[in-house]
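No experiment lies behind these values; they were computed from the predicted model shown.
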Amino acid sequence: MNSNSEKLRQTYNELLEFKMVLQKAGDFLVSSGNHAVAQETELSENVYSNDSYADSASLLEEEMQPGPSNQSGVRFISGIICKSKVLRFERTLFRATRGNMLFNQAPADDQIIDPASNEMVEKTVFVVFFSGEQARTKILKICESFGANCYPVPEDLTKRSQIIREVLSRSSDLEATLEAGLRHRDTALNTIGFYLSKWTNMVRREKAVYDVLNMLNFDVTKKCLVGEGWCPIFAKTRIQESLQRATFDCSSQVGIIFHVMDAVESPPTYFRTNHFTNAYQEIVDAYGVAKYQEANPAVYTIITFPFLFAVMFGDWGHGICLLLGALVLIVREKKLSSQKLDSFMEMLFGGRYLLLLMSLFSIYCGLIYNEFFSVPFHIFGHSAYKCRDATCSDAYSVGLVKYRDAYPFGVDPSWRGSRSELPFLNSLKMKMSILFGVVQMNLGIILSYFNARYFGNSLDIKYQFVPQMIFLNSLFGYLSLLIIIKWCTGSQADLYHVMIYMFLSPFEDLRDNKLFWGQSVLQVILLLSAVIAVPWMLFPKPFILKRLHTERFQGRTYGILGTSDMYNEEEPDSARHPHLDEFNFSEVFVHQMIHAIEFVLGAVSNTASYLRLWALSLAHSELSTVFYEKVLLLAWGYDNIVIRLIGLAVFAFATAFILLMMESLSAFLHALRLHWVEFQNKFYNGDGYKFKPFSFALLTDDDD
């Protein structure tokens with residue numbers, strides 16, 4: 001049907017071209033007919049006179065030979081060509097005929113469809129007057145090479161009029177036929193459109209079924225199929241019931257056998273998630289899929305990720321804005337889940353519950369920082385500070401005195417605007433970042449212990465977990481202890497001095513920097529423990545592995561006898577493959593050395609990396625202060641409603657696009673880095689692969 005329609009369309013376009021050529025060429029013949037007849041003799045003489053290379057005797061003989069009456073007369077060829085080729089076409093004709101031709105042209109009235117390319121192009125109608133059969137042959141070849149369409153045009157006006165009428169009649173019939181075909185096609189496509197998605201889904205399901213069937217093998221009798229696969233343990237009963245029901249529904253004479261077998265390769269990893277936990281699991285899987293039965297970091301990421309985000313984004317005004325956005329996505333969950341969203345909205349909708357927790361923790365941290373769009377409020381009572389004397393008006397230019405108990409929750413609002421605001425907040429957030437970092441890194445090392453204990457790897461417990469805990473807490477755990485003691489006692493000790501001279505002069509007296517009794521002795525013990533922990537991580541494990549391998553294969557000279565096809569069906573990386581019996585001590589030692597050096601250097605760099613919590617929090621607070629004081633308050637100082645509205649608009653724009661979008665994205669990426677690099681690398685291998693069950697619901701357009 002499609003090919004017939006194309007042929008009809010091509011014929012219709014050719015008729016339109018023919019009609020255009022008949023009209024334009026007829027005008028040429030009427031207007032220049034007399035002129036062409038008057039020049040017939042002259043044109044013929046030019047042909048013979050210009051052919052100087054011909055023998056004169058042969059020309060006389062040809063002239064005396066009998067022939068058609070129009071052999072020496074003026075003849076013409078008419079046709080149509082693309083407008084862009086006209087100049088080159090005319091120049092080629094002139095050179096080929098040596099100027100013995102007359103070329104007339106006229107542009108077509110409208111753009112017409114080229115029958116060859118089916119594209120709208122501008123064309124020009126031409127008529128070439130010439131003399132002689134040789135010139136005719138050349139002109140026809142040139143027309144063919146330039147893609148010009150030639151059409152016969154009679155000289156008689158009556159015949160031209162009759163042909164034009166026939167062309168018009170036939171073109172009108174073809175146009176009616178084409179319109180009827182288009183209407184029929186539209187009707188058929190509209191009818192098919194109702195069933196297209198259903199048919200597409202059916203074909204996709206059939207292809208998926210056959211794709212799985214192609215993975216099965218015939219048994220020995222060639223009468224049934226055998227397949228191996230993975231399934232969750234909790235789904236075994238449901239799978240057996242489904243197989244039995246399928247056997248009954250299809251009235252099969254052979255029952256389906258469901259048998260649990262032992263596998264050599266590692267099983268895939270499957271975590272049951274819901275709408276709330278799926279976003280956190282995707283964050284972890286983006287780093288790497290957990291190995292089978294490896295500790296899943298997503299369980300802890302549900303709390304730690306939004307909390308670390310909130311530490312950097314702490315402002316309960318901005319947190320309320322994020323909360324409103326998250327609630328809108330959650331309320332419209334059913335409607336949005338049934339729509340096709342763009343990439344950005346799909347990502348935002350998928351993380352709606354992640355956004356909810358981030359906003360709630362941002363409100364919580366904002367209440368601790370006492371910042372509402374950078375403005376402090378006396379929410380939990382009055383300030384613990386007051387002016388020193390009556391001359392202190394705003395308590396911002398002179399020092400404050402404490403006259404009552406500390407502010408019950410969060411930062412005292414009197415710190416805002418005081419001369420010691422920045423040093424106080426910097427000290428608070430910097431120490432708090434170190435504490436959070438040390439706690440999360442210790443959590444990662446503790447999870448490595450549970451991984452090693454579950455897999456029965458006692459070497460990792462003795463020679464990785466224990467020295468790592470000793471090294472990390474001998475240095476940065478001790479620093480965290482000093483921070484807590486300093487906060488609780490109000491000491492003025494310089495912790496920078498304590499930590500630096502712990503390495504440079506471990507036996508030096510601490511003097512004013514002493515925080516508790518026996519601190520100097522404890523520092524020496526911790527420093528020695530950290531030094532001992534490094535070779536503890538590096539040397540014992542490779543040598544113990546070598547000794548165990550030697551004892552295991554001691555006296556073994558011959559391998560196990562077997563048939564020639566014993567390993568044909570095994571995977572190259574099978575645990576029974578002989579090449580796994582080899583032990584490369586240098587490779588194991590280098591790997592352990594890299595791991596030990598990475599942990600030692602990482603303990604320092606990762607702790608410093610957690611200072612981004614302080615830096616991002618400070619940047620967010622200062623940006624909020626700048627937009628509030630230099631934009632909103634500055635505009636509000638003018639007694640002009642227009643300036644106030646402009647200031648309010650600029651403040652709203654800066655808050656929405658810079659603080660809520662750019663700053664939230666920055667805090668999100670930094671929290672992501674802290675979890676991937678500083679937390680997960682302590683215990684998480686991420687070298688597994690996902691469990692992908694066969695399900696029609698999981699089929700997408702990409703599966704075609």
Leu428 backbone acceptor or donor facing Trp487 side chain under 3.5 Å: no

Over all heavy atoms of both residues, which pair between Trp230 and Ser266 is shortest? Give the atoms and the distance, please. CZ2-O, 4.2 Å

Without placing hydrogens or testing angles, list every side-chain donor-acceptor pair under 3.5 Å for residues 306-318, not counting sequence neighbours.
residue, atom, partner, partner atom, Å
Asp315, OD1, Gly317, N, 2.9
Asp315, OD1, His318, N, 3.2
Asp315, OD1, Phe373, N, 2.9
Asp315, OD2, Phe373, N, 3.1
Asp315, OD2, Ser374, N, 3.2
Trp316, NE1, Glu371, O, 3.3
His318, ND1, His620, NE2, 2.9

Test item: Leu674 and Tyr610 side chains (from C-beta on) under 4.5 Å apart, heavy atoms: yes

When you measure from the side chain of Asn442 to the backbone N and O of Val438, does any donor-acceptor pair fall under 3.5 Å? yes

Can you find a pair of side-chain heavy atoms, one from Pro232 and one from Phe691, that are under 4.5 Å apart? yes

Cut-off 3.5 Å, side chains only: do Asn274 and Thr277 have a donor facing an acceptor? yes

Does a donor on one side chain sit under 3.5 Å from an acceptor on the other, for Tyr353 and Glu333? yes

Kindly indicate whether a cation-pi arrangement holds for Arg453 with Phe465, taking the cut-offs as under 6.0 Å to the six-membered ring centre and within 45° of the axis. no

Is the CZ atom of Phe683 crowded by more than 12 outside heavy atoms at less than 6.0 Å? yes

Quick one: does Ser433's side chain have a donor or acceptor within less than 3.5 Å of a partner on Trp614's backbone? yes

Tell me, with the steps shown, if Phe668 and Phe305 meet ring pair (Phe, Tyr, Trp, His ring centres under 6.0 Å). CA-CA 9 Å; Phe668 179 89; Phe305 188 91; 5.2 Å; yes

The ring pair (Phe, Tyr, Trp, His ring centres under 6.0 Å) partners of Phe380 (sequence neighbours excluded) come to Phe409

Qualifying ring-ring contact (aromatic ring centres under 6.0 Å, His included) pairs with a residue from residues 322-351, counting only residues at least two apart or across chains: none

Under a 4.5 Å cut-off applied to non-hydrogen side-chain atoms, are Phe696 and Val209 in contact? yes

Run the salt-bridge test on Glu678 and Arg673 with the 4.0 Å N-O cut-off and return the result as yes or no. yes

